[in-house]
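All remarks here apply to the structure that follows.
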Amino acid sequence: MIFDGLFDDAALFPPGDAPMEVAVPAHRSLRARFADLVGPFVVAAARLDELMPYADEAAPIDVSLIAAAADLTTLDRPGVRVRAVEIPAVRTAPDARDVLKILDDVLPPEVPAYVELSWDALHVVDVLAGTRYRAKLRTGGLRADLFPAPAALADAMAACAARGIAFKCTAGLHQAIRHTDPATGFEHHGFLNVLLAAAALSADGSALIAEGHLEADYAPGVAAGIRALTPERAALARDLFISFGTCSVQEPIDDLTTLGLL
């Protein structure tokens, strides 16, 4: 299905900031109820020791590990399966090349790694081209300036698509449709908008077309666009847009249910 594995569980991170003793049982419950939809549990390497009391070798927890490349000395922990690695933003091409060299040495071929692209250093995407590594795009945060404009996000997505680089998104994609948060006034991107933009780009669409999808805020229209995707177009879109981290997995699932997409 088009939404399989789309929602990475980032409950530990802002604005949710769930404590570990709450986040891990909640993640296991979500996985039990929505196994096809929910991706790995996102955790910073610095908090792995805190996670370990909740690890279970009989039922390992799948994690996406946020860590600097130099800190990836070992990925083996009993009861924990590292399904992906997320590298903090690097701003220069030489630094990015150094990161990839380390990843080549320590990452098994089956474990994907995402390198965050800083909005002031998108040229780093060129270093990822032709490698097995993926990009990570920051789509929000606790300040207004952390939310890229639709044109900027469309350009970054188009740059990834043109180079054959898959990406995930992080922060801000809590709801399906583009909207203004009434509490903060921040303009949030919608994850269905990103999915439609990815579908357009994977079909050789322009960044301008993708921008139009990102700007759409009429929920029935966006939902209709998702329903209209053929299985082939949907698969190509998901090959480009792998997943996004959300501090509340239940929230996007509820949105899809409301829109009649689940």
Side-chain angles (χ1 to χ4, degrees), residues 5-14 39-47 62-72 75 82-93 95-100 102-104 106-107 111-143 145-149 152-174 188-189 191 193-195 197-198 201-202 210 214 237-247 249 252:
L6 184 60
F7 312 121
D8 292 347
D9 188 349
L12 295 176
F13 296 84
F41 185 70
V42 184
V43 61
R47 299 189 69 179
D62 292 340
V63 304
S64 186
L65 187 65
I66 298 179
D71 294 335
L72 294 172
L75 301 180
V82 176
R83 294 302 195 189
V85 168
E86 304 180 29
I87 304 299
V90 291
R91 289 177 169 77
T92 71
D95 285 345
R97 284 190 285 269
D98 288 343
V99 164
L100 298 197
I102 295 172
L103 294 177
D104 284 340
V106 301
L107 273 192
V111 178
Y114 297 84
V115 178
E116 184 171 340
L117 300 180
S118 174
W119 288 107
D120 60 357
L122 286 179
H123 62 276
V124 169
V125 73
D126 290 326
V127 179
L128 303 181
T131 75
R132 65 185 177 106
Y133 300 110
R134 302 169 176 178
K136 178 177 174 179
L137 303 178
R138 186 162 295 276
T139 47
L142 299 179
R143 306 190 312 269
D145 62 287
L146 295 176
F147 291 79
L153 180 55
D155 285 344
M157 291 173 60
C160 289
R163 293 161 176 80
I165 300 168
F167 67 87
K168 72 170 292 184
C169 293
T170 183
L173 293 183
H174 302 153
H188 284 249
H189 296 284
F191 65 85
N193 299 83
V194 176
L195 190 53
L201 290 168
S202 64
L214 293 173
R238 288 302 311 280
D239 285 343
L240 180 61
F241 175 30
I242 302 298
S243 65
F244 69 95
T246 174
C247 66
V249 171

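No hydrogens, no waters, no symmetry mates; every other heavy atom, side chains included, goes into these values.
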[Y] side chain reached by [X] side chain, heavy atoms, under 4.5 Å:
X	Y	value
R134	I242	yes
V85	L107	yes
F13	C247	no
R47	L12	yes
V99	Y133	no
L195	R238	yes
V42	D9	no

**OP:** Please say which of R91, R138, K168 ends up in a salt bridge (charged side-chain N to carboxylate O under 4.0 Å, His left out) with E116.
**Re:**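 Of the listed options, the one satisfying the test is R138.
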Subject >> Centroid separation Y114 to F167 less than 6.0 Å >> reply: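 No - the distance between ring centres of Y114 and F167 does not fall below the 6.0 Å cut-off.
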Subject >> F241/F191 aromatic ring centres below 6.0 Å >> reply: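 No; F191 has its ring centre 6.0 Å or more from that of F241.
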Subject >> Any donor-acceptor N or O pair under 3.5 Å, side chains D8, S64 >> reply: no
Taking all non-hydrogen atoms of both residues into account, name the closest pair between [X] and [Y] and its distance.
X	Y	answer
T131	V127	CG2-O, 3.6 Å
I165	V125	CD1-O, 3.4 Å
S243	G5	CB-O, 3.6 Å
I66	K136	CD1-NZ, 4.1 Å
A93	H123	N-NE2, 4.1 Å
L201	A158	CD1-N, 3.7 Å

Original post:
Under 3.5 Å, side chain of H189 to main-chain N/O of P148, donor-acceptor pair present?
Top reply: yes
Original post:
Hey, is the main chain of T170 close enough, under 3.5 Å, to the side chain of T139 for a donor-acceptor pair?
Top reply: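 Flag set: sc T139 to bb T170 pair under 3.5 Å.
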Original post:
Could you state the interatomic distance from SG (C160) to CG (L122), rounded to the nearest 0.5 Å?
Top reply: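 Answer rounded to 0.5 Å: 8.5 Å.
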